[in-house]
S.K.: 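Pasting in a structure now, in structure tokens, and then I'll have a few things to ask.
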Amino acid sequence: MSLHHGRHCSHCSSLGAAGAIGLGLVAGVAAAAGVLAGRRAATTARLSRGHPRKHRLLDAASSTLQRKIPLEAMSTYLNGFHMYADDMGRQVEASHFCIHLEPDLHQCVIFDSNRPDARLIGIEYIISEARFRALPEAEKRLWHSHHYEVKSGLLVAPGIPELAEHAYFEDLVTTYGKTFHTWQYDRDDFPYGVPQLMMGFTGDGQADPALVAARDRRLGLSTDWRREKRSDIPEPAVAPGANVWESGQSVQTSLEARPFKR
């Protein structure tokens, strides 16, 4: 006989349902983890083709056994476009993978795509307007605003539901980014040279429409549709000092010979 002496247990069915949901959730998480592990192993195997057997074994072992905690913390995938700080004619697509490190600071690694064989091409730091305004004037020259990238729909978060993406970009529209590309993949098939400072677009007619259209087709999205959906996001005034190229003069990195100090 049960503790309820044969009487109907009014909450037993709800407990049973809750338990079933809990077990189902655990099973779903476990299944998802298994799928991700399988995908990771398959990706590693594809990338290792043609490598020496020793390297293939090491790659497979590290893929399975090692934790990559900073990589696991990259919670956001953004796709957009950059131009070289001293040349608007040189424009490239950039896939960002970002960590929200502090309330007013994101850090992103940038690849040329979201494919397994993507090339690592740079980094970007994203900060709040308040932090940007506090920067030294010389430092501000390295930063660009995100107001137009967000409002125009050029910057997207592929795969995120529209409402969630909209909420995310409501915050990002007021931020500023400092971006360096370490691989000029629009020009070379190897990461030659020194990191190059990059900038973002600030108005219509700047981004190459063919580049944007190719991105949209490949990712199955519409920049124009996103622009329309974001029309209700207030457009902030750009803080002085950002987007230095708009003055007609810009800055760029180069190598400089210096005496070696011991």
S.K.: Taking all heavy atoms of Ala210 and all of Asp208, pick out the closest pair and write down the distance.
M.R.: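 Where Ala210 meets Asp208 most closely, the heavy atoms are N-OD1, 3.0 Å.
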
S.K.: Give a yes or no on whether a salt bridge exists between Arg226 and Glu165, defined as a side-chain N under 4.0 angstrom from a carboxylate O.
M.R.: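 Salt bridge present between Arg226 and Glu165.
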
S.K.: Answer whether the closest heavy-atom distance between the side chains of Leu197 and Val251 falls below 4.5 Å.
M.R.: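 A side-chain contact exists here, since the closest heavy-atom pair is under 4.5 Å.
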
S.K.: Would you call Gln196 and Thr253 a side-chain contact if the rule is heavy atoms closer than 4.5 Å?
M.R.: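 Counting from C-beta outward, Gln196 and Thr253 do come under 4.5 Å.
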
S.K.: Would Met83 end up clustered with Ile123 when hydrophobic side chains under 4.5 Å apart are linked, directly or stepwise?
M.R.: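 Yes: a chain of side-chain contacts under 4.5 Å links Met83 to Ile123.
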
S.K.: Does the side chain of Met198 come within less than 4.5 Å of Tyr84's, by heavy atoms?
M.R.: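 When only atoms from C-beta onward are counted, Met198 and Tyr84 do touch, with a gap below 4.5 Å.
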
S.K.: Quick one: CD on Gln252 to CG on Asp86, what's the gap to the nearest 0.5 Å?
M.R.: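 Output value for this atom pair is 4.5 Å.
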
S.K.: I'd like to know if Tyr77 and Met74 are part of one continuous hydrophobic network [Ile/Leu/Val/Met/Phe/Trp/Tyr, side-chain heavy atoms within less than 4.5 Å].
M.R.: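 Cluster IDs for Met74 and Tyr77 match.
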
S.K.: Listed by chain and number, what are the side chain to side chain donor-acceptor pair (under 3.5 Å) partners of Glu139, not counting sequence neighbours?
M.R.: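 Side chain to side chain donor-acceptor pair (under 3.5 Å) check on Glu139 returns Trp143, Lys178.
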
S.K.: Does a side-chain heavy-atom distance below 4.5 Å link Glu124 with Gln107?
M.R.: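 Not in contact.
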
S.K.: At their closest point, which heavy atom of Ile121 faces which heavy atom of Tyr185, and how far apart are they?
M.R.: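 Looking at all heavy atoms of both residues, the closest pair is CD1-CE2, 3.6 Å.
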
S.K.: Is there side-chain contact between Val244 and Gln249, with at least one heavy-atom pair below 4.5 Å?
M.R.: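 Side chain of Val244 against side chain of Gln249, heavy atoms only: no contact under 4.5 Å found.
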
S.K.: Grab the two heavy atoms, one from His144 and one from Thr179, that are nearest each other, plus how far apart they are.
M.R.: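 Closest approach of His144 to Thr179, heavy atoms only: CE1-OG1, 3.3 Å.
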
S.K.: What distance separates Phe97 CZ from Leu120 CG, expressed to the nearest 0.5 Å?
M.R.: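 One gets 10.5 Å once the value is rounded to the nearest 0.5 Å.
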
S.K.: Under 3.5 Å, side-chain donor or acceptor atoms of residues 255-262 against the rest of the protein: list the pairs with distances, not counting sequence neighbours.
M.R.:
| residue | atom | partner | partner atom | Å |
| --- | --- | --- | --- | --- |
| Glu256 | OE2 | Arg258 | NE | 2.9 |

S.K.: If you apply the rule side-chain hydrogen bond (donor to acceptor under 3.5 Å, both in side chains), what do you find for Ser95 with Arg115, and how did you get there?
M.R.: CA-CA 10 Å; Ser95 293; Arg115 300 188 304 267; over 6 Å; no

S.K.: Rounded to the nearest 0.5 Å, what's the gap from CZ on Phe190 to CH2 on Trp183? Could you check?
M.R.: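 Output value for this atom pair is 7.5 Å.
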
S.K.: Compare every heavy atom of Arg227 with every heavy atom of Ser152, then report the nearest pair and how far apart it is.
M.R.: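 Smallest heavy-atom distance, with atoms named: O-CB, 3.2 Å.
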
S.K.: Can you tell me how far the CG atom of Asp224 sits from the CG atom of Asp216, to the nearest 0.5 Å?
M.R.: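 Spacing of CG (Asp224) from CG (Asp216) equals 7.5 Å.
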
S.K.: Would you tell me whether Gln91 and His82 have side-chain atoms, one donor and one acceptor, within less than 3.5 Å of each other?
M.R.: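 No, no side-chain donor-acceptor pair sits under 3.5 Å.
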
S.K.: Quick one, Leu211 and Val92 - any side-chain contact, counting heavy atoms below 4.5 Å?
M.R.: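 When only atoms from C-beta onward are counted, Val92 and Leu211 do not touch, as no gap falls below 4.5 Å.
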
S.K.: Could you check whether the rings of His106 and Tyr168 sit parallel, tilted or perpendicular, using 30° and 60° as the cut-offs?
M.R.: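 The arrangement is perpendicular - the two ring planes meet at more than 60°.
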
S.K.: Any idea which heavy atoms bring Leu154 and Tyr148 closest together, and the distance?
M.R.: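 Heavy atoms of Leu154 and Tyr148 come nearest at CD1-CE2, 3.8 Å.
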
S.K.: For Thr202 and Glu246, which I'm curious about, is there any donor-acceptor pair between the side chains at under 3.5 Å?
M.R.: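 Thr202 vs Glu246: donor-acceptor pair found between side chains.
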
S.K.: Distance alone, cut at 3.5 Å: any donor-acceptor contact between the side chains of Glu162 and His166?
M.R.: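 Note: Glu162 and His166 side chains miss the donor-acceptor criterion.
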
S.K.: Closer than 4.0 angstrom, basic N to acidic O: yes or no for Glu235 and Arg230?
M.R.: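 Salt bridge: no.
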
S.K.: What's the separation between atom NZ in Lys68 and atom CG in Leu71, rounded to the nearest 0.5 Å?
M.R.: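 That separation rounds to 8.0 Å.
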
S.K.: If I take atom CG from residue Leu155 and atom NE2 from residue His147, how far apart are they, to the nearest 0.5 angstrom?
M.R.: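 One finds 13.0 Å between CG of Leu155 and NE2 of His147.
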
S.K.: Using ring centroids (six-membered ring only for Trp), state whether Phe81 and Phe201 fall under 6.0 Å.
M.R.: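 No, they do not, as the ring centres are separated by 6.0 Å or more.
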
S.K.: Regarding Thr223 and Arg215, is there a side-chain donor-to-acceptor distance under 3.5 Å anywhere?
M.R.: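 There is such a pair between these side chains.
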
S.K.: Quick one: closest heavy-atom pair of Met88 and Trp245, and the distance?
M.R.: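 Smallest interatomic distance, heavy atoms only, reads CE-CZ3, 3.5 Å.
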
